[in-house]
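In what follows, chains are A, B, ... by sequence order, proteins preceding strands, each numbered from 1. For clarity, every value in this text was computed on a predicted model and none was experimentally measured.
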2 protein chains.
Amino acid sequence: MADRREEILDAALALADEAGLDAVSMRALADRLGVTPMALYRHVDSKADLLDGLVDRLLVAFVPVNTDAAQGDWADRLAGLARTFRRTVQSHPWAAQLLFSRPAVTPDAVRAVDVLYSALIEAGVPGREVPRLERMISTFVIGFAVSEASGRFAPGAVDPRRRRGQFCDGELLGHRRLAPWLDSPTDLNAEFERDLSDLLRLVESTTRERP
Amino acid sequence: MADRREEILDAALALADEAGLDAVSMRALADRLGVTPMALYRHVDSKADLLDGLVDRLLVAFVPVNTDAAQGDWADRLAGLARTFRRTVQSHPWAAQLLFSRPAVTPDAVRAVDVLYSALIEAGVPGREVPRLERMISTFVIGFAVSEASGRFAPGAVDPRRRRGQFCDGELLGHRRLAPWLDSPTDLNAEFERDLSDLLRLVESTTRERP
DNA sequence: ACCTGAACACCGTTCAAGT
DNA sequence: ACCTGAACACCGTTCAAGT
């Protein structure tokens, strides 16, 4: 009765948290379970299937069923879901490599999409526009979390020699004008909140009729 | 003088276009160049360095220097850059796995960021807000292109048995109310344009003073 | 039903040796 | 300077065999 597949996914998740996604090989996973690599294939179709299972585990963890994110008006619920998702990726940065690769197809992923749909309907967004706005918001939220986890928002150690070259050639005019604001480090928590409130304003503006 | 590194990147890009990113191994790449795998390490630090070089090649291709995307007012330039980026990823879908992994650090990536900075400044966005809006827009645009290329926007073949189960249990209320709009297939070209115009409206609204 | 052992066709990378 | 050969320590997966 104790589903062997679940034990395998437990071990894979622990391995990924401890040593990163690259450390999750069929062989290493089998070792950790005290079993031969081939024994895994009885419960998992392939390594790709294993990774799909891993992503699903993460989504189970964050979908709001009887949690804070399920309370409040539509804006609270939408922002709550976004914050919970970001926090989940922060605790499992290895997931960044997987999150953009598969459609939201598992029952739990569909449930998360449904929370967004319901929030947008409650906000008064026309039904025709809801799926598009859902994709837009989820694309941004996943993108932000993945960018953070994979270092895309990191300071960016540009080769100073080349940078100076670009500056002197009269290039990078934008960077030059923004110099006062580019030196201070970014508070990504505050930035995420500002981005969210911008997106909520955008949702609100979609409830009014437009040409 | 003929830089050997450039020949290697040419071959790697061709290999990726023909057979996908997984086919780009040091051994296969060496084979294609008629050389021993170890010969590559004279011109490339590691496989990671090779992949960074590949991404850079893509960015060189799309940064607007004397092209359509460099013309027009700020909104045209911003939308042009987004469209060109999306088209680039569409022609090289293997890049999807790499685009979120490294900060925009190479000279060409910095140039692309600068085009966005300049557009936002011209739009009248306060300097303090420009870097945030640049990250927000680029995160969305990269996320959209990557989602498309990696199948996240694909129809989503949910297991019908499970889906029915969820429907009958009174779950997925959002999906149920949206059924009329969820059956027709999505025109992603039109959706991308609508998303872009929403983002441009958001930029405009940031030029007005807010609390 | 569930697991094992041996094997196949691959990886990235190091190191000493060649010219 | 540039390349090679052999080797190390890995991969995912197939297939026949064991209990």
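Ranking dA7(C), dT4(D), dT13(C) by closeness to the Thr36(B) side chain, first place goes to dT4(D). Taking every side-chain heavy atom of Val35(B) into account, dT4(D) is the closest of dT13(C), dC3(C), dT4(D). Here the nucleotide nearest the side chain of Pro37(B), chosen from dG12(D), dC3(C), dT13(C), is dT13(C). Considering only side-chain atoms of Ala39(B), the nucleotide from dT4(D), dT13(C), dC11(D) that sits closest is dT4(D).
Pair assignment for dA7(C): dT13(D), on the basis of Watson-Crick or G-U wobble contacts that are both within less than 3.5 Å.
Whole-Å rounding puts the Arg27(B) CZ to dC10(D) P distance at 15 Å. Going from atom CG of Asp49(A) over to atom P of dG12(D) covers 14 Å, rounded to whole Å. Between the NZ atom of Lys47(A) and the C1' atom of dC10(C) there is a distance of 14 Å, rounded to whole Å. Summarising the geometry, the separation between CD on Glu7(B) and P on dC2(D) is reported as 12 Å, rounded to the nearest angstrom. dC3(C) atom C1' lies 15 Å from atom CG of Asp31(A), rounded to whole Å. For the pair Ile8(B) CD1 and dC2(D) C1', the computed distance is 12 Å after rounding to whole Å. Protein atom CG of Leu21(A) is 11 Å distant from nucleotide atom P of dG12(D), rounded to whole Å. Look at CE on Met26(A): it is 15 Å from C1' on dC10(D), rounded to the nearest Å.
Within the nucleic acid shown, Met38(B) comes within 4.0 Å of at least one base atom, counting heavy atoms only.
In this model, the phosphate group of dC3(D) is approached by a side-chain N or O of His43(B) to a distance below 4.0 Å at OP1 or OP2. A close approach under 4.0 Å does occur between a side-chain nitrogen or oxygen of Arg4(B) and OP1 or OP2 of dC3(D). Residue Tyr41(B) places at least one side-chain N or O closer than 4.0 Å to OP1 or OP2 of dT13(C).
The OG atom of Ser150(B) sits 11.0 Å away from the CG atom of Leu98(A) when rounded to the nearest 0.5 Å. Distance check, rounded to the nearest 0.5 Å: CG of Leu13(B) to CD1 of Ile8(B) gives 13.5 Å.
When the nearest nucleotides of DNA chain D are assigned to Arg42(A) and Ala23(A) by heavy-atom distance, the more 5′-ward of the two goes with Ala23(A).
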Inset, instruction - Given salt bridge (charged side-chain N to carboxylate O under 4.0 Å, His left out), test Arg111(B) with Asp108(B) step by step and report yes or no. - result: CA-CA 5 Å; Arg111(B) 232 190 308 274; Asp108(B) 290 289; 3.0 Å; yes

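Taking 4.0 Å as the cut-off between side-chain N and carboxylate O, Arg5(A) and Asp49(A) count as a salt-bridged pair.
Checking Asn189(B) against Arg86(B) by side-chain atom types alone, a donor-acceptor pair falls below 3.5 Å.
dA9(D) and dA9(C) are spaced 23 Å apart, taking the P atom of each and rounding to whole Å.
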